[in-house]
Amino acid sequence: MDHFADRLRAAPQSRLQRGAAAEALALARELALRAQRLDEPDSPPREMPDAGMFAAADQIMVAGNDLAVALRSEDELVEAVGLVEEAQKRAGV
């Protein structure tokens, strides 16, 4: 997660515009949703807002850290790490 966020911060604007930022936002939203489901299973999910392409790295870090605190098993951790790795590949950073 840290590596992906760092790569996004270092990426040129053109790369962010070509889809890296959208991929990062999608990941942040998924991580946030998973954290909400663990923390508040009976509450309706809230969607992380689009704060712009330059905030995508920070959104990943916030959502990822929230999920890390909420995780209850090693299997959940492995799955979350896989999501991050796949998103980074798709983002091309």
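Residues: numbered from 1 along the sequence shown. Because only heavy atoms are used, hydrogens play no part in the values below, and waters and symmetry mates are left out as well, while side chains stay in.
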- Message: Can you confirm whether Q13 sits close enough to R18 that some side-chain heavy atom of one is under 4.5 Å from a side-chain heavy atom of the other?
- Response: no
- Item | CG on L33 to CZ on R46, rounded to 0.5 Å | 10.0 Å
- Close side-chain approach of R34 to E79, heavy-atom, < 4.5 Å: yes
- Query: Nearest heavy-atom pair of A35 and A70: which atoms, and what distance?
  - Reply: O-CB, 4.2 Å
- Query: Does any N or O in the side chain of R15 come within less than 3.5 Å of the main-chain N or O of G92, such that one atom is a donor and the other an acceptor?
  - Reply: yes
- Residue pair M48 / A28: nearest heavy atoms and the distance that separates them: SD-CB, 3.6 Å
- Item | Minimal non-hydrogen separation, A63 against A32, with atom names | CB-N, 3.8 Å
- Task: Quick one: pull up CZ in R7 and CD in Q88 and give me the separation to the nearest 0.5 Å.
- Result: 7.0 Å
- Item | Whichever hydrophobic residues join L77 through chains of side-chain contacts under 4.5 Å | M1, F4, L8, L16, L27, L31, L38, M53, F54, I60, M61, L67, L71, V81, L83, V84, V93
- Minimum heavy-atom distance A20-A91, with the two atoms named: CB-O, 3.7 Å
- Message: Is it the case that the side chain of Q59 and the backbone of P49 share a donor-acceptor pair, with hydrogens and angles ignored and the cut-off at 3.5 Å?
- Response: yes
- Item | Distance-minimising heavy-atom pair for E23 and A87 | CG-O, 3.3 Å
- Query: Between E47 and R29, is there a donor-acceptor pair closer than 3.5 Å when you use the side chain of the first and the backbone of the second?
  - Reply: no
